[in-house]
Asker: 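If you scroll down you'll find the structure; I have some questions about it.
Residue numbers count from 1 along this sequence. As a basis for the values below, the full set of heavy atoms in this structure was taken, side chains included, without hydrogen atoms, waters or symmetry mates. Numbering of ligands and ligand atoms starts at 1, following listing order.
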Amino acid sequence: MMNQLQGEVIAAVAPSSNLGDYETTYNEFKWEDVEKEFSWSTTGRLNLAYEAIDRHVDAGRGGKTALLYSDAERDESYTYEDLQLQSNKFANVLRNLGVSKGDRVFVFMPRTPELYVSILGTIKVGAVVGPLFEAFMETAVKDRLEDSGAVALITTPTLLARVKRDELPELKNIIVVGNDVPTDDGLTDYRSAMSEASSETEIEWLEREDGLIIHYTSGSTGKPKGVYHVQNNMIQHYYTGKVVLDLKEDDIYWCTADPGWVTGTSYGIFAPWLNGATNVVRGGRFSPADWYQTIQKYGVTVWYSAPTAFRMLMGAGEDIIAQYDLSSLRHILSVGEPLNPEVVRWGVKVYGQRIHDTWWMTETGAQLICNYPSLPMKPGSMGRPIPGVEAAIVDDNGKVLPPYRMGNLAIKTPWPSMMRKIWNNPTKYEEYFRIDGWYISGDSAYQDEDGYFWFQGRIDDVINSSGERIGPFEVESKLVEHPAVAEAGVIGKPDPTRGEIIKAFISLREGYEPSDELKEEIAKFVKIGLSAHAAPREIEFKDKLPKTRSGKIMRRVLKAWELQLPVGDLSTIED
Ligand code: PRX
């Protein structure tokens, strides 16, 4: 299948990027050469927090700015040495509470310096970090803490109200960051504990295969899956930070993602600090004025964001851009959903920069298929595999397909940052590797004759709204808890700004009548119980939902209704 955009190419902008000549680097690349950077090449052990922070201090770069933080109330700057001392203290706070290697420690709070210190300190004691997005509500929080068997949680007084402590017997300690920390059993006041803790600590030296982080993410069936990553990830975080983000010594780098999502950890924490860059964190919500102000204020040079944000900035128009000095920008990147060629062209026009698409997933741990400053760009394409990684389009039997044939986007196993398990669920893990030698992503794509990959869609029912991945099952499960809802089926409906929005088809219980008020009430029920981003933006009531004979709601039929497409094979439908 030939894409109509195939012919369009935007020339390389920085032939002197860290990657150099793509073909040569790709052909000569060895992961062993990258691994030499870190302490295991001399000691046989490592710790990501050490490699990201303390290593720079030991090399005499402790005075360099590591973190520039601002929100509506705070405006702060931290050097590498500041972060070393703070994370040492936090490691001691955790140790005093009995936390040790391999324990799961979750963070549930907004982007603040304390969040970053908590994550680094957790890694220093060898515990496994579990980031939770601050918008998660009771059920979402409980599911994740319960499944992972988290023993400690760092949160704020406001968010603490969403943690069902009496239903989580393994969660022994909660560290609360903020004023007026209640003095209940099991609660620790972050500030007083930090002020008493020593700023020296013993780093827990780890093996490459020891745990690092669990990110919960959605599939098309079942509860969210705990994607488990190990310390070894850092090789790829470091390398892609160098050749994809193109980070250099003087860069001021801003990744707009929250650490509740994988982009906010792999590229909001690990990649920039492993590369010794200055990392910008802006707290608070999206607003075009705020974002441009952030770029101007700090002189951001490398900026990593997402298509929905770029589309919203595009919607905000060009007048606002003229009010800010954005001339510091030299490299812009995007991830999370398909990046429209129109947005790329607009970026060239208004920022004077190509926006470089990157493709990867929570499960892959780091970037895999990317556009690079030194490669010509075909707008609409995700780019080419990073050196050290082989990607292909395979059919359902694992046969590699020729150019322009659509199929499963697959990655040759293994690569350094590949997930090592799905927590508590080996069966789900194996599904990804069902074709020998390949990781099957669940995305469909094709490759062109120059080796560029073109995203076509998801193969399963997973919804991607504003770059956030939503499992329809989780939303449906919440919907049917509402007293008016008999059955619910949830799909992603195409949307010009958000990529997709969540649409729910609902059949009502006896005694309930369809109304706009009821729609609103049901949407709010999901928002309060699960999270704002999981709440349906559209609801349609139906007398009956299409189901298989075994009782499974047929989402593909709902989708066909919505898009006014043929419904296809209905041989398994109930009646
Ligand atoms: O469908 C692909 C889409 O996002 C999915 C992964 O979502 P998540 O694990 O939440 O990670 C997002 C950030 C790493 C993929 O299976 N996706 C991600 N990047 C792109 C994309 N779709 C199109 N183009 C991309 N560049």
Asker: Distance-only, no hydrogens or angles: does the R104 side chain make a donor-acceptor pair with backbone N or O of G102 under 3.5 Å?
Answerer: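 Present.
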Asker: Without swapping roles, check the side chain of N27 against the backbone of E23 for a donor-acceptor pair under 3.5 Å.
Answerer: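 A pair under 3.5 Å: yes.
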Asker: Could you go through K428 and E363, starting from their C-alpha distance and side-chain angles, then the distance that decides it, and tell me whether this counts as salt bridge (charged side-chain N to carboxylate O under 4.0 Å, His left out)?
Answerer: CA-CA 12 Å; K428 274 263 188 287; E363 292 87 336; over 6 Å; no
Asker: What I want to check is whether the side chains of D448 and W454 have a donor and an acceptor closer together than 3.5 Å.
Answerer: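 Yes, because at least one side-chain N or O of D448 sits under 3.5 Å from a partner of the opposite role on W454.
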Asker: Any sub-3.5 Å donor-acceptor pair from S266's side-chain atoms to T263's backbone N or O?
Answerer: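 Side chain of S266 to backbone of T263: no pair is present.
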Asker: Please say whether the positively charged group of K412, taken as NZ for Lys or CZ for Arg, lies over the ring of W438, i.e. under 6.0 angstrom from the six-membered ring centre and within 45 degrees of the axis.
Answerer: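 Pair K412/W438 counts as cation-pi.
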Asker: Please list, by chain and number, the protein residues whose heavy atoms come under 4.0 Å of ligand 1.
Answerer: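 The 4.0 Å shell around ligand 1 contains V262, T263, V335, G336, E337, P338, D357, T358, W359, W360, M361, T362, M382, D443, F455, R458, N464, R469.
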